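First the structure, in the form of C-alpha cells, and then the observations on it.
Keep in mind that this is a model prediction, so the values were computed, not measured. Any value given below was found using the heavy atoms of this structure, including those in side chains, with hydrogens, waters and symmetry copies removed. Numbered from 1 within each chain, the chains take letters A, B, ... in sequence-line order.
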Amino acid sequence: MAADDTRVSAVTPWHFYALLGVGLFSLALYTFIVQAHLLRKILAFNIMGSSVFLVLAGLAGSPAGEAPDPVPHAMVITGIVVAVSATALALVLMLRLRDTSGRLTLPEDMGG
Amino acid sequence: MTIAELFSAVLLLAGSLFFIAGTIGLLRFPDVYTRLHALTKADNVGLGLIVTGLILQAPSWEVAGKLMLIWLLVLVASASACHLVACTALERGVTPWRQ
Amino acid sequence: MAAFNLALALLLLSTLAAGLWRILQGPTPADRMLAAQLFGTTAVACLLLLAQSSGRASLRDVALVFALLAAVAVVAFVRRTWHPALRKGGNRRDNR
Amino acid sequence: MNQWLPLLVLASSLLPGLIIFALPEHKHRLRTILNLTGALLKLALVLGILWGVFNQQQYEVRLALLPELDMVFRVGPLALFFIILSSGLWLVTTIYAIGYLEGSPNRSRFFGFFSLCVTSTVGLAMAGNLFTFLLFYEMLTLTTYPLVVHRGTAEARRAGRTYLYYTVSGGALLLAGTVWLYSLTGTLEFVPQGFVSGLDASHHQALVVIFVLLIGGLGVKAALVPLHGWLPKAMVAPAPVSALLHAVAVVKAGAFGIVRVVYEVYGVEFSSSLGVAYPLAIVAAITIIYGSMRAMFQDNLKRRLAYSTVSQVSYIALGVAIVGPIATIGGLVHLVHQGVMKITLFFCAGILDETLGIHKVSEMKGVGRRMPWTMGAFTIAAFGMIGLPPFAGFVSKWYLSLGALEAEQDWVILLLVASSLLNAIYFLPILHAAWFREADGPWPHERELGRYETALALLLPPLVTAALTVLIGLFAAAPLTPLEWAKLISIREFGRP
Amino acid sequence: MPEKSNNQPTPEVQPPSESGLRWLSAALLLVLFAGLASAIMSLPVGTSGLSGEVEAELANSGVSHAVTAVLLNFRGYDTLLEMAVLLVALIGVWSLAPATAAPLTAPGSVLERLVELYVPIMLLTAGYLLWNGAHAPGGAFQGGAVLAAAAVLMFLSGRSLPASLEAWPFRSTIALGLIVFSAVAALLAWRRGALLDYPPAAAGALILLIETTATVSIGSILAALFLGGRPGDGR
Amino acid sequence: MNQRNYLWLLQRTALFSLLWWLLTEGNASSWWFGVPLVLLATGVSTLLAPPSCRSLAGWLRFIPFFIGHSLKGGFDVAWRAMHPALPIAPLLVEYQMRLANEQARVFMTNTACLLPGTLGARFEGASLKVHVLDGHGDFHSELETLEKKVAALFCIDLENNDGRI
Amino acid sequence: MVREAMLQYADIALILVPLAGALLSFVLPRAVSLIGIASAVGITFCALGLTETLLTNGVRQHLVGGWGAPLGIELRADGLSTLMLLMTAVVGLGISLYARVWFRSEANKAIWFWPLWLLLWTALNALFLAADLFNLYVTLELLGLSATGLTALAGSAAALGGAMRYLLVSLFGSLLYLLGIALIYHQCGNVDIALVAECLSPTSPSWAALALIVSGLVLKTALFPFHFWLPPAHASAPAPVSALLSALVIKATFYLLLRLWLDLFSPLAPQLDSLLGLLGAAAVLWGSLLALRQVRLKLLIAYSTVAQIGYLFIAFPLASVGMSAWNGALYLALSHALAKASMFMAAGNLMRHAGHDRIRELDLVAQRLPLSVTAFALAGMSIMGLPPSGGFVAKWWLLESALQQGMWSLAIVLVVGGILAAAYVFRVVGFAFTESPVTHEACPIPRAMEWIALVLALGSLLLGVFVQPPLEVLAVGTPLAGGN
Ligand code: NA
Ligand code: NA
C-alpha cells in the first residue's frame with residue numbers, strides 16, 4: 001500500500017473523534033503523571049485506553065455511508081479485554097499493596 | 001407525519017419531560033430517600049412513555065416486545081435498587097430529612 | 001422522525017450534566033450511586049431512541065445489557081461498597 | 001604434533017588447575033602430585049618445543065574465533081624465551097608454595113588459580129597476534145586477583161581492589177588500542193618488524209595515539225611510572241604470589257607485551273621514525289630512577305623489593321626503546337635475568353617471614369648467621385641486581401650500555417651508573433646488617449621448621465635460582481643461554497647481528 | 001475489599017508533587033497534544049482500511065458479521081492471545097490474595113428474589129449475545145460479561161461456589177475457552193498446515209464452538225476477577 | 001413432582017421461550033441454539049426459585065392498576081420536584097403486612113417503590129417500613145389497596161390468614 | 001516422523017507448547033513443576049528444530065488462518081527471531097530447572113509461578129515470531145501482565161510496589177505503542193510490518209507514530225532515564241523471576257524496538273539514532289555508578305542491567321556502517337541473558353543461604369557456596385566484557401564500529417563502562433574472600449541451584465569461544481545489513 005496521491009487531507013467528523021481522543025489522552029496522561037494516588041493512576045490509565053480506542057475506532061468511520069471498517073473495531077474489542085484484565089490486576093495489586101504497606105501510593109525509589 | 005407518528009412524538013416528549021423532572025428532583029430533594037422517590041418513579045414513567053412511543057414506531061411485534069421487555073427489566077431493577085439503597089441507608093443510620 | 005428521536009436523545013444526554021453535579025455534591029455515597037443509576041436509566045432511553053433513529057437494531061441489545069448490568073451495579077454497591085456491616089466508627093460521612 | 005604441542009603446553013597447567021579446584025581441601029597429597037606433574041610436564045613439553053625450534057620447526061595453532069580474527073598460538077624464539085622463563089620458574093615457585101602454604105586454609109583455591117595464572121602467562125607468551133595476546137592478558141588479570149586477595153584480610157582486599165583498578169583500566173586501554181589498530185589495519189598478526197609501517201601517512205597520528213594506548217595498557221602491568229601504584233601494595237600477598245607477580249607472570253607479561261608491540265606490531269625502526277620510541281625510553285628512564293629512589297626509603301623488606309622491581313623491569317622497556325640490536329639484546333636478556341634474581345629475593349623474604357617473622361629491613365640484623373643459606377642466596381641475587389660481575393645482572397647492564405653507545409644515546413650510560421649506585425645504596429645496607437651486625441634480641445616470631453635452617457621445600461627453590469643467577473652470568477656465552485636466545489631474536493628483528 | 005477503604009482514614013497520600021513538575025508536565029502534554037493533533041489532521045481521508053478485503057472474504061469466514069469474522073477468523077490468533085491475557089490477569093490476581101470474605105449479613109428477600117428473576121434472564125441474554133455475534137454485534141466477550149454479571153449477582157446474594165467445584169472443575173471451566181481455542185488452532189494446523197485455517201464449510205460451527213466455550217470461560221474469569229482473589233481460602 | 005409442578009415448569013419454559021423469541025426478534029433459525037438455552041434457563045430458574053402459585057386473572061387485573069398508579073406516582077413526584085415551594089413532608093412509617101407469602105411481600109415492597117408517594121424502605125417479617133413523600137396524604141389506604149392486588153397475584157386470601165407463612 | 005513434524009511445525013509449536021503447558025499447569029496444580037519442566041524441554045527442542053529448518057530452508061513464514069497479510073496475521077521466523085527464540089529457550093530451560101528447585105520449599109507459590117511463567121514464555125515466543133503490529137501489541141500486554149504477576153509473587157511490600165510500578169509503566173508503554181499503531185493503521189490501512197514499511201513516508205502521522213512507538217518501547221526497555229522502574233521490580237522478585245525479567249523480558253521489547261527500527265523507522269528519522277545512543281551512553285555510566293553505590297546485591301545486579309541496556313542502544317548510532325554494531329548489540333543481548341540469569345540465580349543462592357543480600361555481610365560465602373560465587377564471577381566476566389566471553393565479543397564489535405567511525409565519546413563510554421562493571425562485580429567478589437567468622441545461621445542450598453547458575457555462566461563464556469554459530473543463524477534473512 002504505497003501512499004497514493006488521490007487521498008486528500010481534509011477534516012471530517014471522524015477526525016473530530018480522533019482529536020477528542022488525543023485530547024482526552026493528554027488530559028488523562030497529565031493525571032497519570034501528577035496524581036500520586038494509585039486508584040487515580042489506574043483510572044487515568046483507563047481513560048487513556050479509552051481515548052486510544054476512540055482514535056482507533058473513530059477514524060474507522062467510512063466516508064460514503066458504506067459499512068465502517070471492521071478491523072479497528074475488532075482491535076478495539078481486543079484492546080478492551082486487555083484493558084479490563086490489566087485494570088483488574090492493577091486494582092488487586094493496589095489493595096494488596098495497601099494491606100502490606102498501608103499506602104496507596106508507590107514507594108519511594110530504591111537505591112537512587 | 002401519520003397519526004401514529006404524532007402520537008409517538010407526544011409520548012416521547014412526555015417521557016423526556018419525566019426524565020428531566022426526575023433529574024430536577026434528584027438535584028432539589030433534600031435527602032437520599034426523597035431523591036430515591038424522584039429518581040425511581042419519574043424515570044420509570046419516563047422510560048415507559050418513551051418505550052411506548054417507540055413501540056408505535058417499531059418495525060415489528062417482536063421489536064415492540066423486546067422494548068417492553070427492556071422496560072420491564074429496568075422496572076424490576078429500579079424497584080429493587082430503590083429498596084436496597086433505602087434499606088441500606090436506614091441500616092447505616094442515615095436519618096430521613098424532616099421539615 | 002429519526003431526527004426527532006436523535007434530538008430527544010441529545011436532550012436526555014444533556015440531563016446527565018445535572019447528574020454530574022449530584023456526583024460532585026454527594027453527600028453520601030448513596031447519593032452518588034443514585035446519579036449513577038440515573039445515568040443507567042437515561043442511557044437505556046437514549047440507546048433505544050438512537051436505535052430507532054439510526055436503524056441499528058444492535059443498540060437495543062446494548063440497552064438490554066445496560067438494563068441488566070445497572071441492577072448488578074447497585075447490588076454491588078449496597079453489598080460491597082456501602083454495606084452496613086462494613087462500617088466502622090461513626091456515620092459522620094453518611095449524615096449531613 | 002606441531003599443532004598439538006602448544007595446546008598441550010596450555011593444558012598441562014589448565015587441566016591440573018581445574019581439577020585442583022574440585023579437590024576437597026584435605027587432599028594435599030593428590031594436589032601436590034597434580035601440581036608437580038603439571039609443572040614438570042610443562043617444562044618437558046617446553047623443552048621439547050625448544051628442541052624443535054632449535055631445529056627450525058614451526059609451531060602454530062589457529063582457532064577461528066571472530067570472523068576473520070583467529071586465536072593464534074605460535075611458538076617462535078621470542079615466545080619460547082618467555083615460556084621457558086615462566087615454566088621453569090613456575091616449577092620452582094610451585095615447590096616453594098607447597099612448602100610455604102603448608103597447613104594454611106583454602107589451598108585448593110590457591111593452587112587452582114596459581115595454575116590458571118601460569119596458563120594465562122603461557123598463552124600470552126605464545127599468542128600469535130595482538131588479539132590472542134589481549135585475551136590472555138585479561139585472563140591473567142582475573143586469575144591473579146584471587147591470589148592477591150588470598151589472605152582475605154581487609155588490607156589484602158584493599159590491595160586487590162587497587163590491583164584491579166589498575167589492571168582492568170590497563171586492559172581497557174589495551175583493548176581500545178587493539179580494536180582501533182584492527183579497524184585501521186584489518187590484521188593483528190605479530191610479524192617481525194611489525195605490520196603497521198605500510199599504513200598511509202594520514203593514519204600516523206592515530207598510530208601514535210594507539211601506541212600510547214597500547215603501552216599505557218601494558219605499562220600498568222609492567223609498572224611503568226606513573227602506572228606502578230598497584231605493585232608495592234600487592235606485596236601483602238603471600239610470598240609465592242609475590243614471586244609470581246614480580247618474576248613469573250604479571251610484571252613480565254607487561255614487559256613482554258611492550259616487546260611485542262614495539263618489535264612485532266610497530267617494528268622498532270618504524271617506532272623510532274614515528275617518534276614514539278624515544279619518549280618510551282624517557283619514561284623507562286624515569287621509572288628506573290624513581291623506583292630505586294623509593295626503594296631506598298622502604299623499611300618493609302617486601303616493599304623495598306617491590307620498588308626495586310619497578311625500577312628493574314624498566315630496563316627491559318629501556319632496552320626495547322633504544323633502537324639498535326645490542327640494546328635489544330640487553331633488554332630482552334634482562335627479562336630472564338631480572339626474573340631469576342627477583343624471584344630469589346622474594347623467596348628469601350618469604351623464608352625470613354615464615355621462619356623468623358621478619359618483615360622489616362631493620363629486623364634483619366645478624367640474620368646471616370642464623371640463616372646462612374638463605375642469606376647467601378639473597379646476597380647473590382642482590383649483587384646481581386646491583387650489576388656486579390659475574391652475576392646475571394651484569395650481563396644485562398653491559399649489553400644495555402653497549403647498545404646505548406651504538407645508538408648514540410650516551411645519557412643511558414649515566415642513567416645506568418646512577419641506577420647501579422642507587423641499587424647498591426638500598427641493597428648493601430641489608431647485606432651489611434645481615435652479615436656484619438649482631439641481632440638486637442629474639443626474632444619477632446620464630447618457628448621451628450625442620451632439620452635445616454628452614455623447611456627444605458622453602459630453602460631449595462632460592463638456592464636453585466641463586467645458582468642460576470651465577471650460572472647464566474658466568475656462562476652467558478654458552479649455547480642456549482638467555483643471552484644467546486636474545487641475540488637470535490635480535491637478529492630476526494633487525495636482520496643483522 | 002474496597003469497603004475497608006471506605007471509612008478508614010484515607011491512607012497517607014504523598015503531598016502533591018511540586019508545582020514546577022506539574023507545570024512542566026502540563027507544558028509537555030500540550031506539546032504532545034499539538035503534535036498528535038497535527039498528525040491526525042494530516043491523516044488522509046478516504047482510506048477504507050481493510051474493509052474491502054474483509055468484505056471479499058466474509059463469505060468464506062463462517063460468520064456474516066464482519067467484526068466477528070475479524071475477531072474469530074481473520075485475526076483469530078489475536079483473540080487467542082487476548083484470552084491468554086485474561087487468564088494471566090486472573091492467575092495474577094489469584095496469586096496475590098485470597099478472595100474477599102462474602103458480605104456478613106443475610107442478603108435479604110428483595111435481593112434474593114431479584115437474583116431468582118435476573119440470573120436466568122441474564123443466562124438467556126448471554127446466550128443470545130453469543131448467538132447474535134455470528135451476524136450482528138455481540139459475541140463471546142459481551143456474552144461472557146453478562147454471564148459474569150449473573151455470577152456476580154449470585155456472589156453478592158451470598159451464594160458461593162460449592163467447595164467441590166472450587167478446585168479443578170472451576171479451574172477447568174476457566175481454562176476451557178482457551179483449551180478449546182488452542183486445540184482447534186492446533187488441530188487445524190495439523191490437518192491444513194496453518195493455525196486456525198478453518199475449512200470454509202466447517203468454519204461457522206468451529207467458531208461457534210470456540211465462542212461458546214470462550215463465553216463460559218470469560219464469564220467465569222470476569223466473575224472470579226470480581227472476587228479479587230482466589231476462592232477457597234481466606235473465608 | 002405433582003401435576004401442578006409440571007404445569008408450572010411448562011409455564012416457565014413457555015415464558016423463557018417467549019423471552020428468547022423476543023430477544024432474537026423472532027428469528028426462526030435461532031431455535032436450535034435457543035432451545036437448549038431456554039431449557040438451561042428454566043432449570044436454573046427452577047433451582048433458584050421453587051414453584052409457587054400465580055394467578056393469571058390476578059395479573060390481568062394488576063397490570064392496569066399498576067400502569068395507572070405508576071403514572072400517577074410519576075406525575076406526583078414530578079409535580080413536587082418542579083414546584084417552586086418543594087411541597088414535601090417526608091415521613092417514615094411502619095406498615096403491618098397481612099401477606100403471608102415472602103415472595104408476595106417482596107413484590108409488594110418493590111411495587112411500593114413505583115407507586116405514588118411511597119417507598120418500601122425495609123421489611124422484617126410482616127412489618128414494612130415505608131418512607132412516604134407526603135406524610136399528610138392517605139398513604140395507608142394506598143398501601144392496603146396495593147396489598148390486596150398483590151395478594152390476588154399470589155393466590156393469597158388476606159381475610160383467612162393468621163399472618164404466618 | 002516425529003522429527004519431521006517437529007521441524008515442520010516448530011514455529012507454531014513454540015507458541016502452542018508453552019500455552020498448553022500453562023493451561024495444564026493451571027488446571028492441575030499438583031503437577032505444576034513436572035508440566036513446567038516438560039514444557040521447557042519441549043520448547044527447547046522446538047527452538048532447536050526451528051533453528052535447523054531455518055539453516056536449511058531459510059526464513060520461515062506462517063500465514064495464520066491461511067489468509068496472509070494484510071487481512072490475516074503472519075508469523076515470521078528469520079535469523080534474528082530465531083536467535084532470540086533460541087536464547088529464550090536455553091535461558092528459559094535453565095530458569096525452569098532452577099525454579100523447580102527454588103520453589104520446592106514454596107509449593108503455594110509454585111502453583112502460580114508455573115502458569116505465569118509459561119504464559120510469559122508464550123508471550124515471548126509469540127512476540128519474536130510476530131510480523132504484525134497489532135498482534136505484537138497483544139503479545140506485549142501478555143508479557144507485561146505475566147511479568148507483573150511474577151514480580152509480585154514474592155509478596156513483600158517491596159515486591160508489590162515494584163510490581164505496581166512496573167505494571168503502570170508497562171501499560172502506559174503499551175498504550176503509547178497502540179496509539180502509534182492506530183495512527184499507522186489509519187495511514188496505511190493495515191498493520192503488517194512489511195506492508196507498512198512500504199507505506200510510511202516522512203509526514204507528520206508517520207513521525208507521530210514513530211515517536212509514540214519508540215517512546216513506548218524505550219520506556220518498557222528501561223532505557224535511561226526511564227529506568228526508574230526496573231531496579232525495584234527486578235530486585236524484589238524471587239530469584240528465578242528476577243532472572244527471567246532481566247535476562248529475557250527486557251530483551252523482548254528491545255528486540256521489537258530493533259525490529260521496527262530496522263524495518264520501519266530508520267529511514268524516517270535518521271537523527272534519532274544519535275539520541276538513542278546518547279541515552280544509551282548515559283545509561284551505561286549512570287547504571288554502573290548506581291550499581292557501585294548499592295548496598296544490596298540484587299539491586300546491584302538490577303542496576304547492572306540498566307547499564308547493559310545502555311550498551312544495546314549505543315549500537316544505534318554506530319550501525320550506519322556495516323553489521324558489526326548490530327552484531328555487537330545482539331551478541332550482548334545473548335550473553336547478557338545468560339550471564340544475568342546466572343547472576344540473579346547466584347544472588348538468589350547467596351540470599352537463601354545467608355538470609356539477606358547485603359553485600360558487606362557476604363562474608364566467607366566463597367568458601368561456603370563456591371560454585372555460586374564462581375558462577376557470579378564468571379557471569380561477571382561477560383558483564384565486564386572480559387575475554388573469553390560473549391560480552392567481550394560484543395564489546396569488541398561495538399568498539400570496532402565506534403572507532404571506525406571516529407565516535408570517540410562512545411568508544412570512551414564503552415571502555416569506561418567496562419571498568420565500572422569490573423568495579424561493581426569485584427565489589428561483590430571481593431567480599432567473597434573475606435575471612436570473618438560465621439555470624440548467622442546458614443541455610444543449606446541444594447547443589448542443583450548452584451550448578452544451574454554455573455552452567456548458564458559458562459554458557460555466557462562459551463559464547464565468547466563459539467562465535468560463528470550464532471552469527472550463522474543471525475545471517476539468515478537478516479534485516480541487519482544496515483545502511484552503508
Ligand atoms: Na617497571
Ligand atoms: Na625497572
Side-chain angles (χ1 to χ4, degrees), chain E residues 32 35-36 38-44 47-54 56-57 61 70 73-82 84-97 167-168 171-172 174-176 178-179 182-183 185-186 188-190 192-198 230, chain G residues 5 8-9 12 15-16 19-20 22-24 26-29 62-67 70-73 75 109 111-113 115-116 119-120 122-123 126 132 134-135 138-139 141-142 145-146 148-150 152-153 155 160 179 183 185-190 203-209 211-212:
Chain E
L32 172 80
L36 288 177
S38 87
I40 283 190
M41 295 317 280
S42 48
L43 271 180
T47 53
S48 53
L50 291 170
S51 40
E53 282 86 348
V54 172
E57 296 288 356
S61 71
V70 174
N73 195 333
F74 306 139
R75 300 189 67 89
Y77 173 57
D78 276 346
T79 309
L80 176 75
L81 291 181
E82 164 222 290
V85 172
L86 208 50
L87 182 66
V88 154
L90 179 74
I91 299 176
V93 166
W94 279 9
S95 74
L96 279 169
W168 73 266
R171 285 167 175 256
S172 310
I174 279 170
L176 178 70
L178 204 46
I179 289 175
S182 44
L188 291 174
W190 179 45
R192 297 170 57 87
L195 279 176
L196 288 175
D197 184 4
Y198 304 102
R230 58 182 170 271
Chain G
Q8 190 188 343
Y9 297 115
I12 56 173
I15 297 165
L16 291 174
L19 182 60
L23 290 169
L24 266 180
F26 175 70
V27 176
L28 304 170
H62 185 100
L63 313 184
V64 180
W67 300 109
L71 181 61
I73 296 171
L75 305 180
K109 288 191 173 143
I111 58 171
W112 307 121
F113 170 81
L116 285 171
L119 282 169
L120 186 135
T122 312
D132 179 288
F134 186 77
N135 185 244
V138 184
T139 63
E141 292 287 31
L142 187 58
L145 293 195
S146 47
T148 305
L150 286 168
L153 212 53
L160 293 169
L179 190 52
L183 291 180
Y185 183 85
H186 289 302
Q187 197 186 354
C188 302
N190 68 75
T203 55
S204 64
S206 296
W207 282 324
L212 289 166

(request) Carefully, step by step, assess Glu53(E) and Asn190(G) under the rule side-chain contact (heavy atoms from CB on, under 4.5 Å). (result) CA-CA 11 Å; Glu53(E) 282 86 348; Asn190(G) 68 75; over 6 Å; no
Which bit of [X] comes within less than 4.5 Å of chain E, counting heavy atoms only: side chain, backbone, both or neither?
X         : value
Leu160(G) : side chain
Thr203(G) : neither
Leu120(G) : neither
Leu28(G)  : neither
Phe134(G) : both
Leu142(G) : both
Leu19(G)  : side chain

(request) Heavy-atom pairs under 4.5 Å with chain G are the metric here; pick the option from Ala189(E), Ala185(E), Ala56(E), Ala186(E) that has the most. (result)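 Top count of heavy-atom pairs under 4.5 Å with chain G: Ala189(E).
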(message) Out of Trp94(E), Tyr198(E), Trp190(E), return the one with the most heavy atom pairs under 4.5 angstrom to chain G.
(response)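 Between Trp94(E), Tyr198(E), Trp190(E), the count favours Trp94(E).
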In terms of heavy-atom pairs under 4.5 Å with chain E, which of [options] leads?
options                                  : result
Asp132(G), Thr148(G), Thr139(G)          : Asp132(G)
Pro29(G), Ala20(G), Gly155(G), Ala126(G) : Pro29(G)
Gly65(G), Pro70(G), Gly66(G), Gly149(G)  : Gly65(G)
Ile15(G), Leu24(G), Leu179(G), Thr122(G) : Ile15(G)

For [X] versus [Y], what's the shortest heavy-atom pair and its separation?
X        : Y         : result
Leu43(E) : Leu183(G) : CD2-O, 3.9 Å
Ser42(E) : Ser204(G) : OG-OG, 2.6 Å
Leu63(G) : Ala194(E) : O-CB, 3.2 Å
Leu50(E) : Tyr185(G) : N-OH, 3.1 Å

First locate atom [atom1] of [X], then atom [atom2] of [Y], and finally report the distance between them rounded to the nearest 0.5 Å.
X         : Y         : atom1 : atom2 : answer
Ser61(E)  : Trp67(G)  : OG    : CH2   : 7.0 Å
Leu81(E)  : Ile73(G)  : CG    : CD1   : 8.0 Å
Ile12(G)  : Leu188(E) : CD1   : CG    : 10.0 Å
Leu145(G) : Leu87(E)  : CG    : CG    : 11.0 Å

(request) Kindly write out the residues that satisfy side chain to side chain contact (heavy atoms under 4.5 Å, CB included) with Ala175(E), not counting sequence neighbours, or none if the list is empty. (result)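 So Ala175(E) forms a side chain to side chain contact (heavy atoms under 4.5 Å, CB included) with Ile179(E), Leu23(G), Phe26(G), Val27(G).
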(request) Before giving the answer on side-chain contact (heavy atoms from CB on, under 4.5 Å), spell out for Val85(E) and Leu119(G) the whole-Å C-alpha distance, their side-chain angles and the decisive distance to 0.1 Å. (result) CA-CA 9 Å; Val85(E) 172; Leu119(G) 282 169; over 6 Å; no
(message) Side chains of Val138(G) and Tyr77(E), heavy atoms from C-beta outward: is any pair under 4.5 Å?
(response)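 When only atoms from C-beta onward are counted, Tyr77(E) and Val138(G) do not touch, as no gap falls below 4.5 Å.
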Identify which part of [X] has an atom lying under 4.5 Å from any heavy atom of chain G, answering side chain, backbone, both or neither.
X        : answer
Ile91(E) : both
Leu90(E) : side chain
Leu96(E) : side chain

(request) Using modelled atom types only, decide if a donor and an acceptor are shared between the side chain of His62(G) and the backbone of Leu195(E) within a distance under 3.5 Å. (result)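 Checking the backbone N and O of Leu195(E) against the side chain of His62(G), a donor-acceptor pair under 3.5 Å is found.
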(message) My understanding is that only one of Leu153(G), Ile111(G), Leu150(G) makes a side chain to side chain contact (heavy atoms under 4.5 Å, CB included) with Ser95(E); could you say which?
(response)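 Running side chain to side chain contact (heavy atoms under 4.5 Å, CB included) over Leu153(G), Ile111(G), Leu150(G) with Ser95(E) returns exactly one hit, Leu153(G).
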